[in-house]
Student: 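Mind having a look at this structure? Questions to follow.
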Amino acid sequence: MVVLKSASELATMREAGRVVAQTLQAVSEAARPGATLLELDDLAREMLAEKGAKSSFLHYHPSFAPMPYPAVLCLSVNDAIVHGIPDKRRLEPGDLLSIDFGAHIDGYHGDSAVTIGIGEIDEAAQRLSDACRQALDAGIAAAVAGNHLGDISHAVQTVCRAARYGIPTGYGGHGVGTAMHEDPHLPNEGRPGRGLPLRPGLVLAIEPMVVESGSDRHRLQRDGWTVSTVDGSRAAHWEHTIAVTDDGPVILTAL
Ligand code: MF3
Ligand code: CO
């Protein structure tokens with residue numbers, strides 16, 4: 001069931017989204033060579049406490065997972081695409097890190113992700129992240145009342161495929177509201193003019209993922225959460241929670 005949000009609900013979601021953006025900024029600054037993934041998760045936990053928000057991820061237990069999610073951040077390094085679990089690993093110069101974070105205030109969620117380089121990264125890694133971010137921007141630009149869900153999917157896909165990157169099969173964005181994952185599912189590939197008509201009050205997390213080798217394949221690691229490429233090639237992931245409004249798309253997870 002797709003639930004449209006009122007103006008006052010959108011205002012609360014904007015507050016949650018601001019906390020998500022502030023936390024992503026702080027974690028991005030702390031993500032230097034030598035930092036451990038668990039230190040970054042601790043920093044995000046401190047930010048939640050300071051801002052009076054709650055984690056969307058901690059203890060989240062969808063049917064596909066063998067155990068509840070144990071952290072507040074998803075940290076996916078290099079060949080990890082999404083849902084990497086923070087551990088004692090230390091970041092190294094040249095690593096490509098996806099930082100994904102969700103928080104709720106008064107029960108309303110925000111969900112966003114960035115991909116950053118640790119220290120100096122090679123040009124190919126920068127291109128991969130940039131293309132993914134451009135795919136997100138194209139998806140957001142298509143999130144206009146009167147368009148259809150397929151227009152967003154198609155916009156995302158077009159940027160990723162033009163750069164000859166893989167798009168992990170089956171993964172995509174989702175509705176956001178009083179649950180982090182609501183209807184509709186938003187595929188990262190689709191046909192223009194197809195699917196749900198976009199109406200003011202619809203809130204979506206748009207989250208392109210790209211794979212450097214061009215492969216669309218992925219595999220689940222033994223931890224039951226981390227989704228990785230099958231060929232060791234690197235991945236990038238960007239995400240914003242946005243609202244469709246009469247005045248065009250509004251990014252709820254902006255600073
Ligand atoms: N942005 C990710 C998603 O929508 C967040 C996953 S949270 C987790 O899939 F708790 F499931 F890890
Ligand atoms: Co999401």
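Both counts, for ligands and for their atoms, begin at 1 and track the order of listing.
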Student: For the Co ion (ligand 2), find the closest N/O/S atom belonging to Glu239 and write down its atom name.
Tutor: OE2
Student: With a 4.0 Å cut-off on heavy atoms, does Tyr171 reach ligand 1?
Tutor: no
Student: Which residue is it: Pro192, Ser153, Pro197? I am looking for the one with a side chain to side chain contact (heavy atoms under 4.5 Å, CB included) to His148.
Tutor: Pro197
Student: For atom 9 (O) of ligand 1, grab the closest protein heavy atom and report residue, atom and distance to one decimal in Å.
Tutor: His83 NE2, 2.9 Å
Student: Which is closest to atom 4 (O) of ligand 1 by heavy-atom distance: His181, Met180, Met209, His59?
Tutor: His181
Student: Could you tell me if His104 and Ser56 have a donor-acceptor pair between their side chains, going purely by distance under 3.5 Å?
Tutor: no
Student: Tell me whether the centres of the aromatic rings in His218 and Tyr171 are closer together than 6.0 Å.
Tutor: yes
Student: I need the atoms of ligand 1 closer than 4.0 Å to a non-hydrogen atom of His174, numbered in the order shown.
Tutor: 4 (O)
Student: Under 4.0 Å from any heavy atom of Asp111, which atoms of ligand 1 are there?
Tutor: 1 (N), 4 (O)
Student: List the atom of Ala131, the atom of Val159, and the distance in Å for their closest heavy-atom pair.
Tutor: O-CG1, 3.5 Å
Student: Output the list of atoms in ligand 1 that are nearer than 4.0 Å to some heavy atom of Glu239, sorted by atom number.
Tutor: 1 (N)
Student: Given Leu204, which partner from the list Leu196, Val176, Leu149 fulfils the side chain to side chain contact (heavy atoms under 4.5 Å, CB included) test?
Tutor: Leu149
Student: Among Gln126, Gln134, Arg133, Arg127, which one satisfies side-chain hydrogen bond (donor to acceptor under 3.5 Å, both in side chains) with Asp130?
Tutor: Gln126
Student: Do His174 and His181 have ring centres separated by under 6.0 Å?
Tutor: yes
Student: Counting from 1, what ligand 1 atoms have a heavy atom of Cys74 closer than 4.0 Å?
Tutor: 12 (F)
Student: Tell me: protein heavy atom nearest atom 1 (N) of ligand 1, and distance?
Tutor: Asp100 OD2, 2.7 Å
Student: Taking backbone and side chain together, does His181 place any N/O/S atom at a distance below 2.8 Å from the Co ion (ligand 2)?
Tutor: no
Student: Tell me if the aromatic rings of Phe64 and Trp225 count as close, with their centers under 6.0 Å from one another.
Tutor: yes
Student: If you measure from each non-hydrogen atom of Phe57 to ligand 1, which part falls under 4.0 Å: side chain, backbone, both or neither?
Tutor: both
Student: Give the intermediate values and the outcome of salt bridge (Lys or Arg N to Asp or Glu O under 4.0 Å) for residues Asp122 and Arg234.
Tutor: CA-CA 12 Å; Asp122 58 69; Arg234 295 174 295 190; 2.8 Å; yes
Student: Check Glu207 and report its N/O/S atom nearest to the Co ion (ligand 2), by atom name.
Tutor: OE2
Student: What N/O/S atom of Asp111 is the closest to the Co ion (ligand 2)?
Tutor: OD2
Student: Which protein non-hydrogen atom lies closest to atom 11 (F) of ligand 1, naming both residue and atom, and how far is it?
Tutor: Trp225 CZ3, 3.1 Å
